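Shown next, in structure tokens, is the structure this report addresses.
A, B, ... follow the sequence lines: proteins, then strands. Residue 1 opens every chain. Just so we're clear, the structure is a prediction, and the values are computed from it rather than from any experiment.
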Amino acid sequence: MKWDKRLVAVTSGLTGGLALAATPAWAGLGELNLPYGVTSIAHMNYDLNMLVLWITIFIGIIVFGAMGYSMYHHRKSQGATAAQFHHNTTIEIVWTVIPLLILVGMAIAATRGLVLMYDTDNADMDIKVTGYQWQWRYDYLGEGVSFYSKLDEQSNQARELGSSLQPERVDNYLRNVDKPLVVPINTKIRFLITAEDVIHAWWVPEFGWKMDAIPGFVNKAWAKIEQPGVYRGQCAELCGRDHAFMPIVVIAKTPEEYKKWLAEEKKRQGAAEGAEQAAAEPSPAVDVAQTQS
Amino acid sequence: MSAVDHAEAHHHDGPEPGLLRWVFTTNHKDIGTLYLLFSLLMFFVGGAMALIIRAELFQPGMQLVDPYFFNEMTTLHGLVMIFGAIMPGFVGLANWQVPMMLGAPDMALPRLNNWSFWLLPFAFTLLLSTLFMPGGGPAGGWTMYPPLMLETGQAFPFVIFAVHLMGMSSILGAINIIATIFNMRAPGLTLMMMPMFVWTWLITAFLLIAAMPVLAGAVTMLLTDQYFGTHFFNAAGGGDPVMYQHIFWFFGHPEVYIMILPAFGIISQIIPTFARKPLFGYASMVYATASIAFLSFIVWAHHMFTVGMPLAGELFFMYATMLIAVPTGVKVFNWVATMWQGAMTFETPMLFALAFVILFSIGGFSGLMLAIASVDFQYQDGYFVVAHFHYVLVTGAAFAIIAAAYYWLPKWTGNMYDEQLGKLHFWLSLVSVNVLYFPQHFVGLAGMPRRIPDYAVQFTEWNMVSTVGAFVFGFSQLIFAWIVIKAIRGGVKAEGRSWEGAHGMEWELPSPAPYHSFQTPPDISKVMASGDAHS
Ligand code: HEM
Ligand SMILES: [Cu+2]
Ligand SMILES: [Cu+2]
């Protein structure tokens with residue numbers, strides 16, 4: 001027994017020590033959980049995540065506790081002799097029914113969550129998101145504003161094999177783009193998500209969801225952002241060689257600032273007639289969207 | 001050199017001499033050995049790929065490989081570990097143990113048995129050779145989703161053909177196991193008297209027969225989309241890329257249970273032995289296994305919560321998935337109840353079995369979290385999922401295979417393995433595997449996607465920890481290989497009943513077991529009287 005304990009100590013010490021020795025900075029060690037986020041969906045998912053986590057911890061304590069107790073007290077070396085019972089209908093029913101009840105409770109909470117996520121009606125504005133290998137395109141439907149958004153130049157340089165530019169020296173390495181998506185806060189934004197080549201997935205953790213971008217189909221999701229800020233994410237579905245290098249940056253502004261930005265953007269894109277055109281012939285994306293549930 | 005060489009001395013009907021023996025053999029033990037050695041080899045091949053992956057992920061920035069090569073590594077690592085290491089490992093164990101546990105001389109279909117093994121080396125040679133083909137190997141993930149998979153270069157048809165071969169091998173192996181269990185049981189051995197390992201394998205074999213042809217169908221449709229102008233998965237031609245995912249996961253979820261049910265069986269053999277107490281709730285174990293198998297066919301779309309399914313679909317698959325936790329929980333509770341008031345000792349097989357119970361449960365817990373569909377919109381395709389399935393597959397399936405190897409090595413080789421080294425292997429593995437996978441929960445929740453060769457700097461620390469764990473874990477497995485070799489070559493002679501508390505027909509045979517196991521069926525009533533029966 002002693003021999004075992006020494007081994008545990010040595011191996012855990014060695015592995016843990018090595019692991020920590022390899023750790024130059026400590027900031028990242030605090031990155032442990034889902035973000036609480038800036039939308040009602042994100043909050044709800046955070047809460048559900050914690051609810052189920054605590055339930056599993058609770059069950060774990062009971063099961064592993066019983067197991068630990070048994071492993072300690074029912075050892076042959078402690079002079080234990082084995083009982084020979086091999087079933088007990090009552091307890092077997094109990095430990096089938098109680099988990100079932102816990103699950104029913106969880107299912108009710110989870111169902112409410114899903115219903116909230118799927119409520120994409122009555123949006124104040126629509127943004128079409130299109131995935132490409134390896135960048136995103138954003139269309140502000142009805143506004144005639146659209147642009148591509150890809151990995152920023154510095155990250156792009158630093159990510160090369162054997163690059164002399166260290167990732168630590170780049171601002172928001174791999175989480176920065178040349179042209180971010182700009183949106184208003186306190187506005188129900190519907191995202192219409194699709195792709196041109198292969199499947200991608202548009203994921204900003206602070207919004208509480210990701211959604212697959214599938215060529216030929218349009219998926220719907222929504223966000224009503226509560227606070228101005230810069231929210232970063234990236235493609236979440238393997239889409240080829242540079243899958244790791246197609247970040248998402250969303251800048252949320254107050255509605256007034258957003259309007260200003262949009263006006264400038266329109267001017268810049270010379271999209272005055274474009275907007276008229278878009279109004280006359282509704283974007284095909286919206287039609288396709290109706291076919292999805 | 002193998003176990004059976006020792007048997008030769010005692011039995012007139014031993015194996016053929018020479019190397020060709022291994023090519024032509026129809027003996028369940030020889031074929032079992034081939035499967036197990038193949039599995040071990042693939043474990044190291046897949047492990048080497050994993051270490052390349054972890055080495056690149058040690059810190060942000062690209063240091064070692066091209067992103068495309070990284071994607072080839074994740075893809076092949078998955079395929080090699082699933083189809084080359086875990087599944088052949090279980091089939092090898094079934095080959096060795098099922099005839100012995102049933103009181104039979106051999107498998108029911110020995111020639112088929114030979115063929116089902118020998119398909120595998122060809123399948124994996126083909127698969128691994130794609131790395132050297134123009135355009136590189138497959139890099140679309142082990143799930144091979146179109147349209148990305150269709151961008152594979154010349155390797156494409158070879159990958160599909162390799163998958164076909166693996167599928168054929170599995171189906172043939174499954175047919176053989178079913179035929180053996182239904183036809184070769186010793187007289188008087190009813191189904192509800194069979195050891196749990198045999199029961200779980202029977203159910204697994206049915207899963208295999210139902211699931212593998214579906215995979216074959218899915219990849220064949222990829223093939224025809226690529227070369228014969230069909231548009232199954234091409235939206236521009238009226239197809240649907242998501243349909244591939246439905247078909248794939250209709251295979252894929254049963255597949256994950258194919259990789260865990262035999263493990264449940266192994267743990268249900270080992271814990272009673274070292275607790276010196278009969279398995280608790282034998283009948284409920286059988287029913288729980290059967291209900292898991294049934295449910296495993298109606299939960300597939302929990303892998304696809306973010307593809308844009310209708311709400312009703314999400315709800316159905318969420319409820320069905322949550323339901324699986326009930327029979328899974330029953331299994332764990334039964335194991336704990338088996339230990340309860342036993343007289344436990346902690347030899348290496350038991351240590352791995354106990355670690356299995358705890359760490360597999362942790363994987364089950366994260367599974368339950370993943371089942372909550374709305375939160376899965378956060379978890380999906382992130383490292384949290386990676387942590388989940390490595391807990392259930394490495395500390396679940398692989399730990400069970402290792403536990404089984406320690407448990408039955410004395411029976412196979414006639415020699416006890418080196419217990420001190422076994423414990424060293426266990427403790428090193430236990431600590432390092434958690435250093436390796438536990439932090440992946442954290443980075444996953446914090447927003448790190450899976451299948452990326454490079455990441456944002458806030459994920460650095462836990463990735464470093466994980467990589468250190470990976471290297472310690474990987475190299476610790478060399479100890480295991482050494483222990484196996486050592487036991488094959490000699491050691492303390494094992495008794496027929498190698499473990500004090502071991503019950504079951506394999507322990508009625510001498511160690512090493514004779515080449516043709518039971519040439520006359522054992523007397524079941526006598527074996528039962530010795531406490532080897534269940535229920
Ligand atoms: C309590 C039981 C379990 C539940 C509720 C469960 C649930 C899930 C869910 C919902 C996912 C999808 C996560 C996602 O992609 O977002 C998943 C993934 C996965 N699970 Fe489990 N799981 C359970 C047990 C197991 C077992 C026993 C195994 C295998 C031994 C397993 C292997 C896997 C694998 C391999 C994946 C990922 C496949 C991939 O995307 O490559 N799971 N699980
Ligand atoms: Cu991607
Ligand atoms: Cu599944």
Best-contacting candidate, B:V443, B:V65, B:T74, against chain A by heavy atom pairs under 4.5 angstrom: B:V65

Taking every non-hydrogen atom, the tightest pair across A:L238 and B:G141: CD2-N, 3.6 Å

Donor-acceptor pair, side chain of A:N33 and main chain of B:L445, under 3.5 angstrom: no

Minimum heavy-atom distance between B:W462 and A:L29, given as atom pair plus value: NE1-O, 3.2 Å

Option that, when pairs with chain B are counted at under 4.5 Å, heavy atom only, ranks first among A:C235, A:G233, A:P205: A:P205

Engaged part of A:R159 at the chain B interface, taking heavy atoms whose separation is under 4.5 Å: both

Between B:I372, B:I358, B:I452, B:V330, the one whose heavy-atom pairs under 4.5 Å with chain A are most numerous: B:I358

Side-chain (A:N49) to main-chain (B:V375) donor-acceptor, under 3.5 angstrom: no

Part of B:A371 within contact of chain A (heavy atom distance under 4.5 Å): neither

N/O donor-acceptor pair under 3.5 Å between B:N71 side chain and A:G240 backbone: yes

Worked check of side chain to side chain contact (heavy atoms under 4.5 Å, CB included) between A:M106 and B:L368: CA-CA 10 Å; A:M106 278 165 46; B:L368 198 56; 3.8 Å; yes

Cation-pi check, A:K76 onto B:F346 ring (under 6.0 Å, within 45° of axis): no

Side chain proximity check, B:M149 to A:V198, heavy atoms < 4.5 angstrom: no

Interatomic spacing from CE in A:M67 to CG in B:L354 - rounded to 0.5 Å: 4.5 Å

For chain A, the option from B:A312, B:P272, B:G342 that forms the most heavy-atom pairs under 4.5 Å: B:G342

Residues which pass side chain to side chain donor-acceptor pair (under 3.5 Å) with B:E314, listed by chain and number, not counting sequence neighbours: A:Y118

side-chain hydrogen bond (donor to acceptor under 3.5 Å, both in side chains) between A:Q133 and B:E151, worked out: CA-CA 12 Å; A:Q133 282 171 322; B:E151 292 182 356; 3.0 Å; yes

Engaged part of A:E168 at the chain B interface, taking heavy atoms whose separation is under 4.5 Å: both

Heavy-atom pair of closest approach, residues A:V115 and B:L311: CG2-CD2, 4.1 Å

Spacing of A:N219 atom CG and B:T306 atom OG1 [to the nearest 0.5 Å]: 8.5 Å

Most chain A-contacting option - heavy-atom pairs closer than 4.5 Å, from B:T338, B:L323, B:N334: B:N334

Winner by heavy-atom pair count (cut-off under 4.5 Å) against chain B, out of A:A107, A:G37, A:A42: A:A107

Options A:M44, A:Q84, A:M211, A:Q166, ranked by heavy-atom pairs under 4.5 Å with chain B, top entry: A:Q84

For chain B, the option from A:V104, A:V52, A:L34 that forms the most heavy-atom pairs under 4.5 Å: A:L34

Working for side chain to side chain contact (heavy atoms under 4.5 Å, CB included), residues B:M369 and A:L53: CA-CA 7 Å; B:M369 296 172 73; A:L53 178 63; 3.9 Å; yes

Side chain, backbone, both or neither of B:E500 within contact of chain A (heavy atoms, under 4.5 Å): side chain

Side chain to side chain, B:M318 and A:T111, heavy atoms closer than 4.5 Å: yes

Residue part contacting chain B, namely of A:I214, when any heavy atom lies under 4.5 Å: side chain

Taking every non-hydrogen atom, the tightest pair across A:K210 and B:Q378: NZ-O, 2.6 Å

Options B:A236, B:P67, B:G61, B:A446, ranked by heavy-atom pairs under 4.5 Å with chain A, top entry: B:P67

Contacts of B:S476 that satisfy side chain to side chain donor-acceptor pair (under 3.5 Å) - sequence neighbours left out: none

B:P327 portion near chain A, given a 4.5 angstrom heavy-atom threshold: neither

Heavy-atom closest contact (B:S374 atom, A:N45 atom, distance): OG-OD1, 2.8 Å

Atom of A:I199, atom of B:P241 and distance for their closest heavy-atom approach: CD1-CB, 4.3 Å

Contact origin within B:N234 toward chain A - heavy atom pairs under 4.5 Å: neither

Within-4.5 Å side-chain heavy-atom neighbours: B:P147 and A:P215: yes

Chain A contact via B:F459 - side chain, backbone, both or neither, heavy atoms under 4.5 Å: side chain

Test of ring centre spacing under 6.0 Å for B:F377 and A:W203: no

Nearest-0.5 Å distance, CD of residue A:E237 to OH of residue B:Y145: 6.0 Å

Contacting moiety of B:F426, where chain A heavy atoms sit under 4.5 Å: neither

Pick from B:T345, B:V242, B:V332, B:D66 with the largest number of heavy-atom pairs that fall under 4.5 Å of chain A: B:D66

A:T56 side chain to B:F365 backbone, donor-acceptor under 3.5 Å: no

Inter-residue atom distance A:H243.NE2 - B:D381.CG, 0.5 Å rounding: 7.0 Å

Option that, when pairs with chain B are counted at under 4.5 Å, heavy atom only, ranks first among A:L161, A:L174, A:N172: A:L161

Aromatic plane relationship, A:F85 with B:F280 - under 30° parallel, 30 to 60° tilted, over 60° perpendicular: perpendicular

Inter-residue atom distance A:F245.CZ - B:M62.CE, 0.5 Å rounding: 5.5 Å

Full working for side chain to side chain contact (heavy atoms under 4.5 Å, CB included) between A:Y173 and B:Y455: CA-CA 8 Å; A:Y173 176 62; B:Y455 49 80; over 6 Å; no

Separation of B:M339 CE from A:R75 CZ (nearest 0.5 Å): 14.0 Å

Closest-packed option against chain B by number of heavy-atom pairs under 4.5 Å, given A:A213, A:P35, A:G162, A:A80: A:A80

A:H74 (side chain) donor-acceptor with B:Q341 (main chain) under 3.5 angstrom: yes

Heavy-atom check, side chain of B:F333 versus side chain of A:P99, under 4.5 Å: yes

